[in-house]
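Reviewing the structure listed below.
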Number of protein chains: 2
Amino acid sequence: MSEHSPQAETVADKIDPGLGNVLFDVWLVSRAVHALIDDAIRSSGLDADEFAIYSVLASGTPMTPSDLADWMAAPPTTVSSYVKRFERRGHVRRVQNPEDRRSYSVELTAAGREAHHAAGALFRPALDHVDKALEESAGDTRQRLLELRRVVDTFATD
Amino acid sequence: MSEHSPQAETVADKIDPGLGNVLFDVWLVSRAVHALIDDAIRSSGLDADEFAIYSVLASGTPMTPSDLADWMAAPPTTVSSYVKRFERRGHVRRVQNPEDRRSYSVELTAAGREAHHAAGALFRPALDHVDKALEESAGDTRQRLLELRRVVDTFATD
DNA sequence: TCTAGGTAATGCGATATCGTATTACTATTA
DNA sequence: TAATAGTAATACGATATCGCATTACCTAGA
């Protein structure tokens, strides 16, 4: 396996594929995707994780730190430092919840929306490439991913 | 959303699903998967990333640090510290490449195989749950993931 | 064989992640 | 309404990640 490569093949090809299982495969793919996004949007000053968070916030869904933590399966402390960082950048604002003074929701500022937009512009070519390469199977892929997320959440919650 | 929830639904349900695109979906699912694995195997002393690396090594494919970096789409410096850490644990050994004195391959020691085995035992129930819940679509899911990885690698390489 | 350019791996430093313990508040029960 | 338990968020500290610069080695060209 390590001595020579018959064709132009990627590392991923050479390794598995018997090793694989769904969870492992997700892990592996996501590393590549994460790197792809990081590289694509680097010059915007956001990384893949940050871009994703900015994206939900930009979508208009009000999110508390706890919501964010559940949504992205991150520990509360991690979300805390994200919010602090984003706020320091002037990209995010905390909006007090009048019903519960411990809590607040996180909102993008105008500057935050701009940053997200800029990152989005860098992101789109990469996404287009992938979508194009996937062709009709793209929808199917997303379906499988959503299903998987549902299953995983079930397990984590039980 | 913070006021009330109609059913027993997960956070993921409430958010999207218009926001989504393949890359974003992968990112999101992988966070959940990563957390799931972390939690499942925590008591083994390995985390999800480490378990994955131990797994390739356990599979018998000889891997240099560069191979590992390519395979898991991580920067060389990150792999370097992984190897150092694993070696410190006594789980891994460096085997010099006689052809190239800069290089070496990484091998699991007996202790490393044991650690991997222990983590594997904790991992399996989680995997079984997911596989069972996915039923026949599991194979299809893996297929989609492998395809995606291929596409992403193509983009990264061009 | 010398030199220039490429590649494998790492040291170091900056910053990110996340576990443990804590604070501040809300809900529940009596 | 006091006491207890539960929940939202964070401070702090330990460790991980990764970019930049560097070392050591290999390869190609003259």
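Bear in mind that the values here come from a model prediction, so they are computed numbers and not experimental data. The sequence lines fix the lettering, A, B, ..., with proteins before strands; numbering per chain opens at 1.
The interatomic distance linking Gln96(B) (CD) with dT10(C) (P) rounds to 10 Å, in whole Å. Nucleotide dG19(C) holds its C1' atom 8 Å from the CZ atom of Arg42(B), rounded to whole Å. The CD-P distance, from Glu50(B) to dC18(C), rounds to 13 Å in whole Å.
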Assess whether salt bridge (Lys or Arg N to Asp or Glu O under 4.0 Å) is satisfied between Arg42(B) and Asp39(B), documenting all intermediate values. CA-CA 5 Å; Arg42(B) 170 157 296 131; Asp39(B) 290 348; 3.2 Å; yes

Please test Glu107(A) against Arg113(A) for salt bridge (Lys or Arg N to Asp or Glu O under 4.0 Å), starting from the C-alpha separation and ending with a verdict. CA-CA 10 Å; Glu107(A) 283 184 11; Arg113(A) 278 190 300 276; over 6 Å; no

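Here chain A contacts DNA chain D (any atom closer than 4.0 Å to a heavy atom, that is under 4.0 Å), and the contacts span dG6(D) to dG19(D) from 5' to 3'.
Between Arg94(B) and Glu87(B) there is a salt bridge, since at least one side-chain N of the basic residue sits less than 4.0 Å from a carboxylate O of the acidic one. With salt bridges taken as basic N to acidic carboxylate O contacts below 4.0 Å, none links Arg142(B) and Glu147(B).
Side-chain contact, Thr61(B) with Ser59(B): a donor N or O sits under 3.5 Å from an acceptor N or O.
Using a 4.0 Å heavy-atom cutoff across all strands shown, Pro76(A) reaches at least one base atom of the nucleic acid.
Against DNA chain D, the stretch residues 77-91 of chain B makes heavy-atom approaches under 4.0 Å through Thr77(B), Thr78(B), Tyr82(B), Arg85(B).
Side-chain atoms of Asn97(A) never come within 3.5 Å of backbone atoms of Ser103(A) as a donor-acceptor pair (strictly under, hydrogens ignored).
Across the helix from dT1(C)-dA30(D) to dA30(C)-dT1(D), the helix axis at one end is tilted relative to the axis at the other end by 30° (nearest 10 degrees, each axis from five pairs).
Residues Leu145(B) and Arg149(B) have side chains not in contact (no heavy-atom distance under 4.5 Å, counting atoms from C-beta outward).
Aromatic ring orientation, His116(B) versus Phe51(B): parallel (interplanar angle below 30°, classes split at 30° and 60°). Taking the six-membered ring where the residue is Trp, His91(B) and Tyr54(B) present perpendicular rings, their angle passing 60° and hence far from 30°.
Side-chain nitrogen and oxygen atoms of Arg101(A) include none within less than 4.0 Å of the OP1 or OP2 phosphate oxygen of dA24(C).
Within a 6.0 Å sphere centred on CZ of Arg85(B), other residues, nucleotides and ligands contribute more than 12 heavy atoms.
Distance CG/Leu108(A) to CZ/Phe86(A): 9.0 Å, rounded to 0.5 Å.
Nearest-nucleotide positions on DNA chain D for Asp100(A) and His34(A) put Asp100(A) closer to the 5' end.
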